[in-house]
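One structure is given below, encoded as structure tokens.
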Amino acid sequence: MVTSEPERELLVATIAVTQAYRFAIDPTPQQADALRSHIGGTRFAYNALLGLVKANWDENRAKKEVGIEVTIDDYLATRQFDLQKLWYERRDVLAPWWSENGVSTYNYACLNLSKAFANWRSGKCKFPSFKQRGGRASVSFMSGAVRLADSHHVRICRIGEIKTYESMRKLNRHLDRGTGRIMAATLCSNGARFFISFTVEVQRTIPGTRPPERVIGIDVGLTTLYTGATPDGKQVLHVENPRHVVAAERKLAHVQRIASRRQGPRKGVAPPNRWKKANARVQKVHAGVATSRRNLIHETTTMLAKNYDLIVVEDLNVAGMVKNHSLAKHISDAAWREFTRQLDYKTKWYGSTLVKVDRFYPSSKICASCGTAKAKLSLATRTYACEHCGHTIGRDLNAAINLARQGLAGTSSVTGRGAKVRPKHQQLDAKAHPDEASTKALITIGV
Ligand SMILES: [Zn+2]
């Protein structure tokens, strides 16, 4: 032990991070109708306003063509405020039922449409198009319109108390203690289920970076998801792809195959029911697989960030990799990206360090025992057998050990093991996913 406990305690920073909390909700049939009405109202307002703007612009163009003078005042403007004003003027005619839904339903549509126009103007996107019924849809509520009734119920203005599937205990505790503030709440639906997600500003107390005493290298695999080892060659982590996830993934491939064979919608014809049904099935299995995998990744990354000081992973450059069309590979790449993304911000929260080793470092080709490197090692070879020293070891474990050593070697020049370590301050950057962990400000650091 180099750093004593009290010294560690001193290095504490409080930062405000924006975190997203997402919960599946279980509305009653009446509530589900009301939720659908809000989502549909948003879509209606979006399409109606887009139609008005388009018609107005077309009319102006036609006038210009025949030589009628058109001034800037003849054009409908597309800032959020302008669109809101336009909606207030026309809503009684366009949507006599508008008062059935909350005001934010329509304001959200105006906001989205103005954003779509702004993106089009800056050349980022195509001209806004009309939103289709079905598929992904969402509506945002003003922060005052949604609050937690308790750990299992969310109260939405005009809709009432809706039960959540999971406990919102952690979020509730933040709100109770005053360390969290709801910035926005968004309701979304994937066609089968409803979710509510909160954007919350949370005050997090984060410790200073710990010296690298507990080091782990992690290798990703297809059958064994994560294999972790220490630099001295001990395996300390083994995460198997859970059986239910494997089964669900197989089922996903199956239903996707069915959906791909269905005749899709054609112009002017209502989408075929068999196509809709097949796609709904895909959605459902997809959502289940995604949830299980996300939970597993969250559990693993939290455990790692809390229990290790230095976590070494391979920097997987997905774009630069050879295209591999297998579904399993595709899924594992996505999972790996999510894994490193979570580690990136969680290591900052818990005072550990994440090191990404260059992807050209041949972690799986080097012998962990004698250090000689093989020229070639096919992906199918699951056991590493060294021709030089005769050492045999599991491929993933071998790679994990090498990663741990490489990561430690890379940091030892800064913070040597056994030396008097001066812990560095957290490097806080906002590169993490904006929804989950954009670090806003560094408020206090005690030394
Ligand atoms: Zn060897």
Side-chain angles (χ1 to χ4, degrees), residues 1-2 210-241 297 300-301 303-305 307-324 326 328-329 331-333 335-337 339-340 343 347 352-419 421:
M1 279 299 232
V2 178
R210 294 190 295 266
E213 281 160 12
R214 295 166 297 177
V215 182
I216 187 170
I218 300 158
D219 182 70
V220 64
L222 287 181
T223 40
T224 305
L225 273 184
Y226 311 117
T227 306
T230 56
D232 50 19
K234 225 189 290 153
Q235 177 161 9
V236 284
L237 176 74
H238 174 93
V239 179
E240 200 72 30
N241 217 338
I297 296 175
T300 313
T301 51
M303 184 283 290
L304 287 169
N307 292 299
Y308 290 91
D309 306 323
L310 185 69
I311 301 159
V312 191
V313 297
E314 206 174 353
D315 190 3
L316 203 78
N317 184 339
V318 178
M321 274 183 15
V322 184
K323 285 261 185 300
N324 185 323
S326 94
K329 186 80 186 92
I331 289 169
S332 92
D333 284 353
W336 187 246
R337 267 198 301 277
F339 182 73
T340 46
L343 275 181
T347 46
S352 49
T353 309
L354 175 70
V355 172
K356 289 181 187 166
V357 170
D358 194 300
R359 73 198 158 94
F360 295 113
Y361 172 71
S363 57
S364 51
K365 290 183 191 148
I366 295 172
C367 171
S369 178
C370 71
T372 42
K374 277 180 192 280
K376 245 190 172 147
L377 186 71
S378 80
L379 263 175
T381 318
R382 300 315 307 162
T383 311
Y384 185 98
C386 180
E387 293 108 6
H388 194 253
C389 70
H391 185 62
T392 11
I393 185 171
R395 179 207 178 94
D396 298 342
L397 180 56
N398 185 56
I401 297 167
N402 286 328
L403 283 169
R405 287 178 186 162
Q406 181 70 5
L408 187 60
T411 50
S412 60
S413 52
V414 191
T415 48
R417 261 208 322 176
V421 177

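In this text the structure is predicted, and so the values were computed from the model without any measurement. Indexing begins at 1, ligand by ligand and atom by atom, following the structure's order.
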Are [X] and [Y] side-chain neighbours, meaning at least one heavy-atom pair lies under 4.5 Å?
| X | Y | result |
| --- | --- | --- |
| Tyr384 | Ser364 | no |
| Thr372 | Cys389 | no |
| Phe339 | Leu304 | yes |
| Thr300 | Leu225 | no |

*So which protein N/O/S atoms does the Zn ion (ligand 1) have within less than 2.8 Å?*
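Correct list: Cys367 SG, Cys370 SG, Cys386 SG, Cys389 SG.
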
*Tyr308 backbone acceptor or donor facing Arg210 side chain under 3.5 Å*: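 It does hold such a pair.
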
*asked:* For Thr227, is there any backbone N or O sitting under 3.5 Å from a side-chain donor or acceptor partner on Asp219?
replied: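 No.
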
